Engineer: 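Please read through the structure below; I'll follow up with questions.
These figures come from a predicted structure and were not determined experimentally. For ligands, and for the atoms within them, numbers begin at 1 and follow the listed sequence.
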Amino acid sequence: MTAMTSPSAQTPPVAASSLHTPVIGWFEQHARDLPWRRPEAGAWGVMVSEFMLQQTPVNRVLPVYEQWLARWPRPADLAAEAPGEAVRAWGRLGYPRRALRLHGAAQAITERHGGDVPSEHAQLLALPGIGEYTAAAVASFAYGQRHAVLDTNVRRVFARAATGVQYPPNATTAAERKLARALLPEEDERAAKWAAATMELGALVCTARNENCDRCPIAARCSWRLAGKPAHEGPPRKGQTYAGTDRQVRGRLLAVLRDAVAPVPQAALDAVWEEPVQRARALDGLVADGLVEPLADGRYRLPMT
Ligand code: SF4
């Protein structure tokens, strides 16, 4: 039996309320001043940031976020452009299907909600490309509602502080969701702050590689620390290899199209990767994902419709 299936995964061994005040107090003192946390970001700024931050670190997101919001300050501004422009502006953030999904969400917001990002969780969840995490994050961060917002940083903090293990499972479990709900403060505004604060704690103090318990506001209550930091017993953690993968080839192919002002010939794409089978597979994948549009004359471009 792994540590994650222990009863402690079901019931928080620490009193939830004993964590709230120190974590929120720490956040109020140490939170980074990020543009999507400022009031002027609005719900659209929060939504854009959540799409970008899901698989990309803050420092890489910042310049792209600023340019994005300057160019498309409202969902309708983005919706009026071709999806390929979203892919182009996504630049090197990686996982570019997120750009298409954000464009699709902007179109739906414009058509269904008069251009305003909806505030109800169910309406957010009904938008294309928006999953449970993003709906909860936007409802919480933009509208101050009470939702369990479980990103990788929060899951790691809860695994350590409440469950007493070093790492959460590879994929989010029902037990983690239950624990997150059990740990939520009752009051809306405090719950929203708790969500942001636990995320920041995981990003700055209780990181995947290095937990800075000396700087942690809940060190005295952290189950994993108090248990002597037992070694990880669960399945091996997923690696983040990139070199040589289809993802790398896709990135190179897409970079050619992003930088081009006109459709590009096949030869320009062939030049970026030597191995033809992998190159063809990557290009086929980009076309299948709607990120690249093949033209009848054999050239390629970013999607226009
Ligand atoms: S005490 Fe250490 S391990 Fe526990 S939550 Fe804080 S930083 Fe993480």
Engineer: May I ask you to identify the nearest protein heavy atom to atom 2 (Fe) of ligand 1, giving residue, atom name and distance to one decimal place in Å?
Structural biologist: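 Nearest protein contact, heavy atoms only, for atom 2 (Fe) of ligand 1 is C213 SG, 2.3 Å.
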Engineer: Considering only non-hydrogen protein atoms, determine which one is nearest to atom 8 (Fe) of ligand 1 and report residue, atom name and distance to 0.1 Å.
Structural biologist: C206 SG, 2.4 Å
Engineer: Report the residue from T56, L102, L254 that forms a side chain to side chain contact (heavy atoms under 4.5 Å, CB included) with W90.
Structural biologist: L102
Engineer: Any idea how Y65 and W36 line up, ring-wise: parallel (<30°), tilted (30 to 60°), or perpendicular (>60°)?
Structural biologist: perpendicular
Engineer: Is any NZ, NE, NH1 or NH2 atom of the basic residue among R71 and E81 found under 4.0 Å from an Asp or Glu carboxylate oxygen of the other?
Structural biologist: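 Here R71 pairs with E81 in a salt bridge, since their nearest N and O are under 4.0 Å apart.
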Engineer: Can you list the ligand 1 atoms lying under 4.0 Å from a non-hydrogen atom of C216?
Structural biologist: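 Counting atoms of ligand 1 from 1, those under 4.0 Å from C216 are 1 (S), 5 (S), 6 (Fe), 7 (S).
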Engineer: For atom 3 (S) of ligand 1, grab the closest protein heavy atom and report residue, atom and distance to one decimal in Å.
Structural biologist: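 Sorting protein heavy atoms by distance from atom 3 (S) of ligand 1 puts W224 CE3, 3.6 Å first.
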Engineer: Classify the ring geometry between Y167 and H232 as parallel (under 30°), tilted (30 to 60°) or perpendicular (over 60°).
Structural biologist: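 Ring orientation of Y167 relative to H232: perpendicular.
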Engineer: Which residue holds the protein heavy atom closest to atom 4 (Fe) of ligand 1, what is that atom called, and what is the gap in Å?
Structural biologist: C222 SG, 2.4 Å
Engineer: Find out whether the Lys NZ or Arg CZ of R279 is both under 6.0 angstrom from the six-membered ring centre of W273 and within 45° of the ring's axis.
Structural biologist: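 That pair does not qualify as a cation-pi contact.
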Engineer: Would you mind listing which atoms of ligand 1 come within a distance below 4.0 Å of any non-hydrogen atom of A219?
Structural biologist: 1 (S)
